[in-house]
Amino acid sequence: MKKLRRRVFIKTASAAVAAVSTGMLVSCNNQKETKTISINLGKTYEWKMVTSWPPRFPILGEYAGKIAEWIDKASSGRMKIHVYGGGELVPALEVFDSVSFGVAEMGHSVAYYWAGKAPAAQFFASVPFGMNAREMNAWLYFGGGLELWRELYADFNLYPFPSGNTGSQMGGWFNKEITTIKDLRGLKIRMPGLGGKVITKAGATSVLSPGGELYTNLERGVIDALEWIGPYHDYLMGFHKIAKYYYFPGWHEPGSTLELMVNKDAYEELPDDLKTIIKAAAEASNTLILSAFDAKNTEYYLKMQYEENVNFRKFPDEVIKSLKFFSEQVINEIVAKDEMSRKAYESYTAFKKKINGWFDISERNYI
Ligand code: CA
């Protein structure tokens, strides 16, 4: 192949100046058969990737950087992607619009942030009492989920890929024990998204605090409780130093799918090999990010348990039952108002029912 490439290069070098930008068809003899292959000699791409993560944020920011690195290497340097942390080029929560309008060609984020623009987007990230990471992947890749996600994002000139999952998150840090659903009444809890709407129905107040202010807000009592991610990221934030109880399970985020979104016009202009490289990089990140979360959460769960003596508490069944009841109300309200949400919900729920049955006899019994 090297030889072939050099031959093609020498043959076309003088004409390359005119041809490089449009790509060209090259006929070549490959031993027995003659093939016509398309080679975009010399055409390079410099793209920007904006993310919703602080610069170099553990796992998420790291893997946004790795995606860019893989694409660079796999394309032999034909595609360079400059990665920006949230706020470096555009604010963290403007990733969707920035990629949609082409300010950047790529974005790494999580779809529930865009609920205000496209309520159905939440089904492609995580919904309370929804599917876990493995179930989400099965639905997205093989159950029609990704097609629906692409249909939704096409209206915004975006092309999404699943690009990681946090796994089941934790229920959050509390200074008060939660023994009945009434204990949530009057609490100011940092819990964004649908989970925030659910706890509001239980009489709590959902407060939106940026990540950087969470520690001081909890310490000073501006908020009474908070949820963040899981043992690894929560440990790095130091919440175990200022909160009494660490509750589980993370009923509100059973497995949040992350996304790599590409500006659709920019994506469609790419030659097939670069499209495939981006797809493969997204798929690699989808596996590795989940594995990194699983490995790091295990390590830091043990650290919290044995070095920090963190008080782990399980939400009582009665509390979980009530939260599930309120979650169904919240989701039904969204589905009633938005046609695309209804479509996503129907596909999601039908798949969830089926796979829950299978996982119940296989995974749950095994565990
Ligand atoms: Ca969370």
Side-chain angles (χ1 to χ4, degrees), residues 51-54 57-61 63-64 86 92-93 95 108-116 121-133 135-136 162-174 178 184 187-200 202 204-215 217-218 223-240 242-243 245-259 289-290 292-294 296-297 300-301 304 310 312-315 320 323-324 326-327 330-331:
T51 71
S52 298
W53 328 122
F57 190 66
I59 304 182
L60 303 181
Y63 275 86
L93 297 184
V95 167
H108 201 260
S109 189
V110 57
Y112 54 48
Y113 286 151
W114 326 124
Q122 297 169 105
F123 290 101
F124 307 108
S126 198
V127 298
F129 296 96
M131 290 192 270
N132 69 17
E135 294 164 339
M136 276 300 283
S163 179
N165 195 299
T166 63
S168 277
Q169 299 200 5
M170 286 292 281
W173 297 90
F174 290 76
I178 305 298
L184 290 176
L187 293 186
K188 293 186 290 282
I189 306 175
R190 184 271 177 187
M191 183 175 280
L194 290 178
K197 291 204 172 84
V198 174
I199 55 161
T200 303
T205 308
S206 151
V207 182
L208 289 178
S209 301
E213 291 167 23
L214 286 178
Y215 187 94
N217 283 354
L218 184 63
I223 51 175
D224 301 303
L226 62 85
E227 76 81 45
W228 183 233
I229 306 177
Y232 178 44
H233 291 83
D234 289 19
Y235 181 95
L236 298 180
M237 293 287 265
F239 298 139
H240 55 286
I242 49 167
Y245 306 109
Y246 196 14
Y247 268 92
F248 63 92
W251 55 273
H252 62 297
E253 287 190 74
S256 297
T257 297
L258 307 159
E259 62 183 358
I289 288 175
L290 176 61
F293 266 100
D294 286 342
K296 283 290 184 187
N297 279 333
Y300 281 78
Y301 164 62
M304 280 185 179
V310 167
F312 287 89
R313 284 279 191 285
K314 188 180 176 191
F315 287 121
I320 288 290
L323 291 169
K324 189 160 192 264
F326 292 134
S327 296
V330 166
I331 291 171

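We count ligands from 1, going down the list as the structure has it; atoms in each ligand are counted the same way.
- Here E253 pairs with nothing under the salt bridge (Lys or Arg N to Asp or Glu O under 4.0 Å) rule; sequence neighbours left out.
- Y235 meets the ring-ring contact (aromatic ring centres under 6.0 Å, His included) test with H240, Y300; sequence neighbours excluded.
- Considering only residues two or more places apart in sequence or on other chains, K197 meets the salt bridge (Lys or Arg N to Asp or Glu O under 4.0 Å) condition with none of them.
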Evaluate the ring pair (Phe, Tyr, Trp, His ring centres under 6.0 Å) criterion for residues Y245 and F174: first the C-alpha distance (whole Å), next the side-chain angles of each, then the deciding distance (0.1 Å), finally the verdict. CA-CA 5 Å; Y245 306 109; F174 290 76; 8.7 Å; no

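- When each of W228, F293, Y301 is tested with H233 by the rule ring pair (Phe, Tyr, Trp, His ring centres under 6.0 Å), just one qualifies, namely F293.
- No donor-acceptor distance shorter than 3.5 angstrom exists from the side chain of N132 to the backbone of P254, with no hydrogens or angles considered.
- Taking a cut-off of 3.0 Å, the protein N, O or S atoms nearer than that to the Ca ion (ligand 1) are Q169 OE1, E227 OE1, E227 OE2, W228 O, E253 OE2.
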